[in-house]
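All values below come from the heavy atoms of this structure, side chains included, with hydrogens, waters and symmetry mates left out. As the structure is a computational prediction, the values presented were derived from the model and not from experiment. Below, read A as the first sequence line, B as the second, and so on, with proteins coming before strands; counting in each chain starts at 1.
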2 protein chains.
Amino acid sequence: MLANIRIVLVQTFHPGNIGQTARAMKTMGLTDLVLVNPRCFPDDEATRLAAGAEDVVDAARVVDSLSDAIGDCVQVVGASARLRSMPLPHYDEPEEMARELVENAATDRVALVFGRERFGLTNDEIQHCSHQVSIPANPDYGILNLSQAVQVLAYEVFRAWRHSPGSDFIQQRPPHDRPPTREQLRHFHDHLSRVMQASGFLTQPHARTEAQLQALFARAQPSRKELSLLRGFLSSVEPEDTES
Amino acid sequence: MLANIRIVLVQTFHPGNIGQTARAMKTMGLTDLVLVNPRCFPDDEATRLAAGAEDVVDAARVVDSLSDAIGDCVQVVGASARLRSMPLPHYDEPEEMARELVENAATDRVALVFGRERFGLTNDEIQHCSHQVSIPANPDYGILNLSQAVQVLAYEVFRAWRHSPGSDFIQQRPPHDRPPTREQLRHFHDHLSRVMQASGFLTQPHARTEAQLQALFARAQPSRKELSLLRGFLSSVEPEDTES
């Protein structure tokens, strides 16, 4: 359950990042935000940049220490750009992390912990974590803005949730026009061939050209309406003495 | 090649979003930015929020129309939160979009197009695109901040690139200490059993407990150093008359 997934920000310097984090969370169905010793909070900047996610900001809990933020969690993943020499279990891919986090979140509280903008998490704070994850990035410039790191990992978590057996997420799809029958398609291709011959484009039936066009329209997947449109066009350019 | 992947922003209102977009791009190895009629550019806010990605901002091209931005591209994906009634090919998952985009980018220019903060892309602009993609999100609050949408899609593109056959990306992994041999592990488990019996914790060898502990340490994957550490601890608590 997404409600079991907590986002923890440690000593955030810019209140704007708190607001943008709240927004990033809400777009991905997350609502539980805990702030450990934020420098400036509450703050207008946080509210302003939350842009519709003020409820997440308003409900955010403020605590003194990281242990207070995560004591009730069974899994705590530290998001860290730097790899430490302490070999905490580490996820190479955020996707793997998200899958396990979501699995645990079905029954227990879990947390994703983010550090300071400039300094990340201390080694001490990493020790409060059960796992580490980093976001694979440009080796020459690999540090994401804090709220953007939250957005990426929240996106992966939401994705893992969408794909999990229990979720009720409904994929929005564009409206789907009715496809034609094979017979209707055949009539269209016959019509197309006739016009290509009548116009002189083909001097005789040409199997390869016709196969190519059949493949093209197979990929295009015209709807019934679109097929009508095409046939109407063919009729308009058809030389007058051709049988339709 | 990542260099063939262009990010196009149409009529961006907040110059800060341009800066944050540049940063998001650079973290994911992208450098080609084109701005169609930005409201305010160049601008100090764009430079300030680029935070190390000023080179991407400085190299950004400004054009008057979307066609000027994408004429040389073989694939143009419009990022759109709203699904249109015009049934342009649509990717349900950014992951699928990224895979195809990266594949095309191996040999040709491609583009990802983002619209205005409030209004997205017009239907006209969508028609300049070969595909649409949307980021699956919270149905109740699903509009990501512009630069965060760029970050998510750039992340997926970078991921597709990392996993593609041609890439030379090297996964950073934490340093890997040397694992022990099976014999060393066996000695450790024998030592552990002895201490458990000597201390009275087990009155006799107990197969199930020992199997449980062997499984636990199999999952922990202790390095040689860690095994030494554990054996040192066992020796220190070992009652004096036990044979080591």
Return yes when atom CG of D44(A) has more than 12 non-hydrogen atoms of other residues, nucleotides or ligands closer than 6.0 Å, and no otherwise.
no
Measuring heavy-atom distances to chain B, does Y141(A) have an atom under 4.5 Å in its side chain, in its backbone, in both, or in neither?
both
Quick one: of A154(B), P89(B), P94(B), who has the most non-hydrogen atom pairs under 4.5 Å with chain A?
P94(B)
Atom CG of residue position L216(A) - does it have more than 12 heavy atoms of other residues, nucleotides or ligands inside 6.0 Å?
yes
Specify which of E226(A), R162(A), M28(A) makes the most heavy-atom pairs with chain B at under 4.5 Å.
R162(A)
What part of Q20(A) gets within 4.5 angstrom of chain B, counting heavy atoms only: side chain, backbone, both, or neither?
both
Is a donor from one side chain sitting under 3.5 angstrom from an acceptor on the other, for Y155(A) and Q151(B)?
no
E54(A)/R23(A) salt bridge by N-O under 4.0 Å criterion
no
Q221(B) CD: over 12 foreign heavy atoms closer than 6.0 Å
no
Measure Q148(B) against the heavy atoms of chain A and call it side chain, backbone, both or neither at under 4.5 Å.
both
Options A53(B), G29(B), P136(B), ranked by heavy-atom pairs under 4.5 Å with chain A, top entry:
P136(B)
Which region of L49(A), side chain (C-beta onward) or backbone (N, CA, C, O), has a non-hydrogen atom less than 4.5 Å from a non-hydrogen atom of chain B, or is it both or neither?
neither
A149(A), part contacting chain B, at a heavy-atom distance under 4.5 Å
neither
Pair count under 4.5 Å, heavy atoms only, with chain A: among D140(B), V152(B), L144(B), highest is L144(B)
I18(A) side, atom CD1; L35(A) side, atom CG - distance, nearest 0.5 Å
5.0 Å
Please determine, by modelled atom types, if E100(B) and Y91(B) share a side-chain donor-acceptor pair under 3.5 angstrom.
yes
Contact part of S223(A) toward chain B, heavy-atom cut-off under 4.5 Å: side chain, backbone, both or neither?
neither
